[in-house]
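Computed over heavy atoms, backbone and side chain alike; hydrogens, waters and symmetry mates excluded. So you know, we letter chains A, B, ... as the sequences are listed, proteins then strands, and number each from 1.
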Amino acid sequence: MSGHTLRIATWNINGVKARIDTVSAWLREASPDIACFQEIKSVDEAFPGDAFEALGYNVTTHGQKGFNGVALISKKPPEDVRRGLPGDDSDEQARYLEAVFSTGDGVVRVASIYLPNGNPVESEKFPYKLAWLDRLYGHARSLLAFEEPLVLAGDYNVIPTPADARFPENWTGDALFQPQSRGAWRRLSALGFTDASRAVAPRDELFTFWDYQAGAWQKNNGIRIDHMMLSPQAADRLVCAGTDKHVRGWEKPSDHIPVWIELAA
DNA sequence: ATGCCTTGTCGCACAAGA
């Protein structure tokens with residue numbers, strides 16, 4: 001061990017154009033080595049990469065018009081960039097971006113994931129979510145064969161357990177808390193991934209999302225849906241984890257907050 | 001609660017989010 005740590009974060013920023021100042025302020029404060037963004041809501045050509053490059057970052061995007069879209073912001077340039085989740089060539093939604101980064105101690109593979117919301121459950125959106133979870137399972141299993149530090153980070157749109165919601169009874173009919181969604185989450189975990197936030201703080205609230213509506217933030221009506229899943233080789237290097245909850249109280253906040261880990265590097 | 005906010009779109013309201 002060199003004694004250094006690699007700081008990796010994930011944040012659903014809810015629109016990069018509306019969040020340039022907020023995101024820039026957070027990058028200055030948190031100084032992550034790698035940041036995974038979701039819901040950039042921008043095509044690649046319109047992504048304001050200059051603002052982040054001015055802070056010393058490389059910018060890699062996988063966007064689409066209006067909705068969805070993911071990005072990787074990194075102090076070191078990415079290698080082996082993969083855009084899109086394998087398993088369905090007809091899927092045109094930009095929800096998956098993966099790359100490899102060199103560190104002081106080998107490489108780390110990082111994915112920025114924006115899982116489908118899936119509501120309402122009686123619509124076609126819910127089976128799309130479950131199919132996407134199945135595809136993620138298959139791809140994650142294939143990546144585990146590399147036996148390297150791997151971080152699957154992002155907005156999973158899954159509330160894993162009742163402890164991950166302030167009012168779990170309010171979510172029983174929601175796609176985020178359906179038995180099928182939670183079952184798919186458990187199957188992914190059972191492949192051998194470590195839920196970094198829970199591993200470090202088993203009993204804390206650790207909410208990552210508070211709705212803009214009905215004073216959810218003021219009432220602490222939150223849920224934990226942004227997760228960082230670590231391969232065994234990444235989990236072996238886990239030093240600490242946390243959330244930047246104070247960012248939810250800033251001007252023009254996203255409805256999600258940054259979630260981060262530090263890996264020995 | 002179909003509501004409550006917020007963002008993006010080429011809008012003069014709407015879809016989507018969670």
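Here A:D255 lies out of heavy-atom contact (under 4.0 Å) with every strand. Here A:K125 lies in heavy-atom contact (under 4.0 Å) with sugar-phosphate atoms only.
Taking atom C1' on both nucleotides, B:dC10 is separated from B:dA15 by 15 Å, rounded to a whole Å. Comparing B:dC14 with B:dA1, their P atoms sit 23 Å apart, to the nearest whole Å.
Summarising the local packing, CG of A:D21 is surrounded by 12 or fewer heavy atoms from other residues, nucleotides or ligands at distances under 6.0 Å.
The hydrophobic cluster containing A:L85 does not contain A:V110, counting ILVMFWY residues as joined when their side-chain heavy atoms lie under 4.5 angstrom apart, directly or transitively. Linking ILVMFWY side-chain heavy atoms closer than 4.5 Å, directly or via other members, places A:F209 and A:L176 in a single hydrophobic cluster.
Between A:H256 and B:dA18 there is a side-chain polar atom (N or O) within less than 4.0 angstrom of OP1 or OP2. At least one side-chain nitrogen or oxygen of A:N117 sits closer than 4.0 Å to the OP1 or OP2 atom of B:dA18. Close to B:dA16, at under 4.0 Å from its OP1 or OP2, lies no side-chain N or O of A:K41.
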Restricting to nitrogen or oxygen on both sides, can you table the protein-nucleotides 10-13 of chain B pairs closer than 3.5 Å?
from   : atom 1 : to    : atom 2 : distance (Å)
B:dC10 : OP1    : A:K65 : NZ     : 3.3
B:dC10 : OP2    : A:K65 : NZ     : 3.1

Below 3.5 Å between N/O atoms, which protein atoms pair up with nucleotides 2-4 of chain B? Just atom names and distances, please.
from  : atom 1 : to     : atom 2 : distance (Å)
B:dC4 : N1     : A:Q213 : OE1    : 3.3

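The nucleotide whose nearest atom lies closest to any side-chain atom of A:N119 is, among B:dA16, B:dT6, B:dA18, B:dA18.
Within residues 12-22 of chain A, the residues approaching DNA chain B are A:N12, A:N14, A:G15, A:K17, A:A18, A:R19, by heavy-atom distance under 4.0 Å.
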